[in-house]
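This structure is a prediction, so every number in the text was calculated from the model and none was measured.
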Amino acid sequence: MASSTGFSLNFSPLSTSFKHNQVPLHGTSNVNLLSLPSLRIRPGPMRLRVSCAAKPETVDKVCSIVRKQLALPEDSSVTGESKFAALGADSLDTVEIVMGLEEEFGISVEEESAQSIVTVQDAADLIEKLVEKKDA
């Protein structure tokens, strides 16, 4: 596993009481301190974390339901990145897909949440979140 050295930056929100940190500058003729806004640089390892909320099994199940609801051939390419509109779904199809997902996973999707679903991955992520909430 590769590692990299980097810095972590923390920014504080600006407010009317603007706070400054003073940093000594050595070797500069007429300047002893430099005022900076609240900015902290911490040396340390750089971390990059990419995560998807939904399990691959959930994404696969959503793909299967989408294929069925849209009457797509079994060999058609439906992935997490697939957009419902690109697969030929209109707003009514999307409602039917959401209803099929609710039935399959035993969840209830609020209208506001349903309107935010654009891709298969969006649907799978929402399902995982709702199932987790239901089981808690």
Side-chain angles (χ1 to χ4, degrees):
M1 181 175 189
S3 70
S4 176
T5 304
F7 292 94
S8 172
L9 296 176
N10 293 326
F11 293 94
S12 299
L14 296 176
S15 68
T16 54
S17 61
F18 196 67
K19 184 178 174 183
H20 286 79
N21 292 332
Q22 293 186 337
V23 179
L25 294 176
H26 301 289
T28 308
S29 60
N30 294 332
V31 180
N32 290 330
L33 294 175
L34 172 66
S35 292
L36 298 173
S38 293
L39 170 68
R40 294 182 192 95
I41 300 176
R42 267 188 301 176
M46 289 176 40
R47 291 181 214 124
L48 175 63
R49 186 170 78 192
V50 177
S51 65
C52 294
K55 298 177 209 158
E57 308 85 63
T58 304
V59 175
D60 291 343
K61 196 179 271 193
V62 172
C63 289
S64 175
I65 291 168
V66 168
R67 265 193 210 93
K68 179 182 172 188
Q69 291 290 341
L70 298 178
L72 298 173
E74 195 60 37
D75 61 345
S76 63
S77 176
V78 179
T79 66
E81 293 80 32
S82 298
K83 294 183 178 184
F84 293 151
L87 296 172
D90 60 18
S91 58
L92 181 58
D93 291 323
T94 303
V95 169
E96 290 176 352
I97 290 169
V98 170
M99 289 171 57
L101 296 172
E102 288 177 324
E103 186 177 323
E104 178 68 29
F105 291 95
I107 57 172
S108 179
V109 179
E110 297 293 323
E111 186 177 340
E112 300 85 35
S113 297
Q115 291 175 353
S116 70
I117 298 172
V118 176
T119 66
V120 169
Q121 186 69 50
D122 293 341
D125 291 344
L126 180 61
I127 289 165
E128 289 282 324
K129 182 176 146 189
L130 292 173
V131 166
E132 189 175 293
K133 185 189 256 186
K134 182 180 86 169
D135 292 343

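Sequence neighbours left out, the pairs with a member in residues 58-68 that pass salt bridge (Lys or Arg N to Asp or Glu O under 4.0 Å) are K61-E104.
Take E111 and apply the side-chain hydrogen bond (donor to acceptor under 3.5 Å, both in side chains) test, not counting sequence neighbours, and it matches Q115. Taking D122 as the reference, T119 meet the side-chain hydrogen bond (donor to acceptor under 3.5 Å, both in side chains) condition, with sequence neighbours excluded.
Taking both residues in full, the closest heavy atoms of L70 and A89 are given as CD2-CB, 3.8 Å, listed atom of the first, atom of the second, then distance. Shown here for S116 and S113, the closest heavy-atom pair between the two residues is OG-O, 2.7 Å. In plain terms, the two heavy atoms of A54 and V59 that are nearest each other are CB-CG2, 4.0 Å.
Separating the CG atom in L101 from the CD1 atom in I107 is a distance of 6.5 Å, to the nearest 0.5 Å. One distance of note links CD1 of I97 with CG of L92; it measures 10.0 Å at 0.5 Å rounding. How far NZ of K55 is from CD1 of I127: 12.0 Å, rounded to the nearest 0.5 Å. The CZ atom of F105 sits 11.0 Å away from atom CG of L130, with the distance rounded to the nearest 0.5 Å. Rounding to the nearest 0.5 Å gives a distance of 5.0 Å between CD1 of I117 and CG of L126. Interatomic distance, SG of C63 versus CD of Q121, reported as 9.0 Å (0.5 Å rounding).
In this structure, the side chains of Q69 and D93 stay at 4.5 Å or more apart for every pair of heavy atoms. For the pair V78 and V62, the minimum side-chain heavy-atom distance is 4.5 Å or more.
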Applying side-chain contact (heavy atoms from CB on, under 4.5 Å) to F84 and D90, what does each step give before you reach the verdict? CA-CA 8 Å; F84 293 151; D90 60 18; over 6 Å; no
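Under the 3.5 Å distance criterion, the side-chain polar atoms of E102 are matched with a main-chain donor or acceptor of V109.
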